[in-house]
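See structure below.
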Amino acid sequence: MSGKIDSAAKKQPVPVNRTPEIIESRSKLPIIGEEQVIMEAISENDVIIVVGETGSGKTTQVPQFLYEAGYSNGNKMIGVTEPRRIAAISVSQRVAEELNETTDIVSYLIRFEGNTGTNTKIKFMTDGVLLKEIQSDFLLNKYSAIILDEAHERRVFSDILIGILSRIVRLRQKRSSPLKLIIMSATLKVDDFSKNQKLFPQPPPIIELSSRQFPVTIHFNKKTPHDYLAEAYNKIYKIHSNLPAGAILVFLTGKLEVKQLVSKLRKAFPYRETDSTDSKIGSNNKCKPSIKKEIGKPLPDINLDDYDIEMHSEDELIISDNSSNDDEDDDEVPSKVMKFSSKPLWVLPLYSMLPAHKQSKIFEPPPLGCRMCVVSTNVAELSLTIPNVKYVVDCGKTKIREYDPLTSVSRFSVVWESKASANQRAGRAGRTSPGHCYRLFSSALFNDEFPEWNLPEIQTTPIDNVILQMKSMKIDKITSFPFPTPPDKQTILEAEKRLITLGALEVDKNVAEINNITPLGKSMAAFPLSPHYAKMLCLSKDRSLLQYMLFIISAMSVQEYLPGDNVDAWKKTKLSWANKGEFLLLGDLMVILRSMGGASHAMKKSGLGGLQEYCTKTGLHQKSILEAWKLNNQLINQLNINVPSLNLNTDSDMTPPTPIQVKQIRQIVLAGMLDRVARRLTTNELNRNGIRPNKAAYYASNLTAIVYIHNSSVLKRSKPEWLVYQEIFEVQDKMYIKGLTAIEPEWLPVYANRLCKTLKVLDDPMPSYDEETGKMFCTVNATYGNLLTNFYPNYNLILEL
DNA sequence: ATAAGACTA
């Protein structure tokens, strides 16, 4: 492959008419000088790796290099994948602008929207979109080159794409219509790609780019404080009081912490409307605040070696030594005696679930004379870039979701971040000028305890769906797939077992260790849903039920579906929606169904405004419900295309389900969630385990531990004897289930028979004839569950004979 | 008597 010049070298160059401004700004990027090196490498190799930190310009420029070199000639496209939707949109717009081309030529395609068309030459997309395209066109014949951006983030989809693309590249080479693969990474940690013989027998060349980041000075704490929230507060206090203008970005682990620190800071450095309206300050950033009225003026530019800032005496404050500790090895922020002028601070919270209009405040300039301070979770590490950050305060921790591949139980933990993350966070201070990063932990701890990298996502998240998708792409032996880093063998086995239980896979009759996809599995894989929900959808053949199921499935597929910030409103709404009878038996899913029905109605009547109003009234989380609504529409469109006779409508109004429909919905939910069944402990069992009799304690079908109904569930009070759950998680060694629906035990052998074992038909009570139905009934001894079958005490089921 | 970080088809 190397050394041989392929047909790409003979491609006709495409002329580009850039504006002088673009030419000027491009010329500053270091990557521009490397165009020839990169293009030669691409021409001579089918696969190359480009390494360049943020600011190297690789994301915007490499697609343009390929375009200009003629890779989009002859009806072929250049495909670029991004891990996030916003990135796909914004980069496509930027590249269109730089090339002076329309968005017909340089387009994007993400899950719910896009502007691609027949003229598209460069197509930016999320990695999931490309993965779906491969399922219908395995050779990706529409493309001459694929660029995988941000491969170092090691998202599940991009890892799978690398594995599959390594094979596509070989196949395309054999057909002498080569596909070029450019893997782009922001870190040099590319061994998993380049030195993985299964992936690329010949290691692809690596091209390293320099970047245009400004230097960031790192300051470690001498000691690691116990309370990083208090320490962050002290540090911000000092920065704001002593250091020159420039925004502060603080990294914490969660929404609650963010809110706490924001309110503490707002109290300490209050901002009043008058602060900015009084000031008559133009571009001059260097005036000194001398009288109280001028509180809102910008910070004085101070010499870092000179801590005596002129201040009005009333504004001075002494911070005691012990609270702010004497343990810094940086000498830029004095710690012994703090002088403090109560200049206002423009404090903004930032986390993913924050409503969009509040999030976008970080992009607006702060009021005149105010310093901005953004208190954020991980969103600001990768997804959102805050302008003009000069100081980063990093608590060193991050919240991760841990997942037990055996039991599917998940748990949130706060752990030390990786060194790579710490670097990424620090880098956020050097986007527009040299900056500083204050790390609230010691360098010794950093060196000894912090892991080098984050684990690839595929090794930490459930892979059931990944495996189903791969099987549907005829990748039979998952263990021999060229993963950059393969998931654990046991994890794969467990996932395949669950898929067999769901009926999506079946054991091959000839080759014992291979599980084949079933027709049901193939249908399931067609939908952008997790296997459980995909199965429910496939079972919802009845058109009248389908619309209800679609609402339930879309809502449950969205993270943090319920509720919003208005907890009290939500409490009332919730109880009124699942109050009695069949509605109560459908439980939390009834609440979800009603909320989707209401939201959809509000959208139809008065659009986003209507939805906003509806969410405020009920306490629903608008961002999530909008996402669920979009998913509902996507699924409806997909169903209409595949089964035109269904003729589903995206905006039909829906009446609440009838009692019979509710029963059918519960049965479908059971069939989909058959491995998530729970039975309430009997009085005896409660006693034996020393649990108070009123507790909602359950055995789950695949666990030994006792699980409890989470407080958010509407079934917490009624405690149905049998139920299915959507989620199970652990908090402080206790297990909770939520997203509950009551089921009837006699449904188990009918709708979930794969996990139900009938042991024997009992003589006592005798089988009997039921006059009403004209059927024979008997009582059987049965067990349910696949992990510890005999853990379930034998349970009497009444069955129809 | 109330796990929630951030991504995605």
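Below, chain A is the first sequence line, B the second, and so on; all start at residue 1.
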May I ask you to say whether [X] pairs ionically with [Y], meaning some side-chain N is under 4.0 Å from a carboxylate O?
X         : Y         : result
Glu417(A) : Arg425(A) : yes
Arg85(A)  : Glu627(A) : yes
Glu457(A) : Arg154(A) : no
Arg84(A)  : Glu153(A) : yes

Heavy atoms only, 4.0 Å cut-off, all strands: where does [X] land among base, sugar-phosphate and nothing?
X         : value
Thr398(A) : nothing
Lys630(A) : nothing
Glu153(A) : nothing
Phe412(A) : base
Glu727(A) : base
Asn454(A) : nothing
Arg85(A)  : sugar-phosphate

Select one nucleotide: of [options], the one nearest the side-chain heavy atoms of [X].
X         : options                : result
Lys716(A) : dA9(B), dA1(B), dA6(B) : dA1(B)
Glu457(A) : dA1(B), dA3(B), dA6(B) : dA6(B)
Lys255(A) : dA1(B), dG5(B), dA9(B) : dG5(B)
Arg84(A)  : dA6(B), dA3(B), dC7(B) : dC7(B)
Val379(A) : dA4(B), dC7(B), dA9(B) : dC7(B)
Ser383(A) : dA6(B), dA9(B), dA4(B) : dA6(B)
Arg401(A) : dG5(B), dT2(B), dC7(B) : dG5(B)

Given atom [atom1] of [X] and atom [atom2] of [N], what is their separation to the nearest angstrom?
X         : N      : atom1 : atom2 : value
His710(A) : dA1(B) : NE2   : C1'   : 10 Å
Leu148(A) : dT8(B) : CG    : P     : 16 Å
Gln634(A) : dT8(B) : CD    : P     : 13 Å
Gln260(A) : dA4(B) : CD    : P     : 12 Å
Tyr725(A) : dA3(B) : OH    : P     : 19 Å
Phe157(A) : dA6(B) : CZ    : P     : 19 Å
Asn378(A) : dA4(B) : CG    : C1'   : 13 Å
Tyr736(A) : dA3(B) : OH    : P     : 7 Å

Inset, instruction - Using the closest heavy atom to pick a nucleotide of DNA chain B for each, name whichever of Gly254(A) or Gln469(A) lands nearer the 5' end. - result: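 Result: Gly254(A).
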Inset, instruction - Tell me which of Gly128(A) and Ser352(A) sits closer to the 5' end of DNA chain B, going by the nucleotide each one is nearest to. - result: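 The answer here is Ser352(A).
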Should [X] be listed as having a side-chain N or O under 4.0 Å from OP1 or OP2 of [N]?
X         : N      : answer
Lys132(A) : dA9(B) : no
Ser712(A) : dA3(B) : no
Thr377(A) : dA6(B) : yes

Inset, instruction - Using only heavy-atom distances, decide whether a donor-acceptor pair under 3.5 angstrom links the side-chain of Asn465(A) to the base of dA9(B). - result: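 Counting by modelled atom types and ignoring angles, a donor-acceptor contact under 3.5 Å is found here.
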Legend entry - Of all pairs that satisfy salt bridge (Lys or Arg N to Asp or Glu O under 4.0 Å), the ones with a partner from residues 690-700 of chain A, not counting sequence neighbours: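 Every candidate salt bridge (Lys or Arg N to Asp or Glu O under 4.0 Å) pair involving residues 690-700 of chain A fails, so no pair, neighbours aside, qualifies.
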Inset, instruction - Compute the ring centroids of Tyr533(A) and Phe527(A), then answer whether they are less than 6.0 Å apart. - result: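 Not under 6.0 Å, so no.
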Inset, instruction - For the pair Tyr708(A) and Tyr736(A), name the ring-plane relationship: parallel under 30°, tilted 30 to 60°, perpendicular over 60°. - result: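 Judged by the thresholds at 30° and 60°, the geometry between Tyr708(A) and Tyr736(A) is tilted.
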Legend entry - Phe729(A) over dA3(B), stacked by centroid distance under 5.5 Å, angle under 30°: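 Stacked: ring centres under 5.5 Å, planes under 30°.
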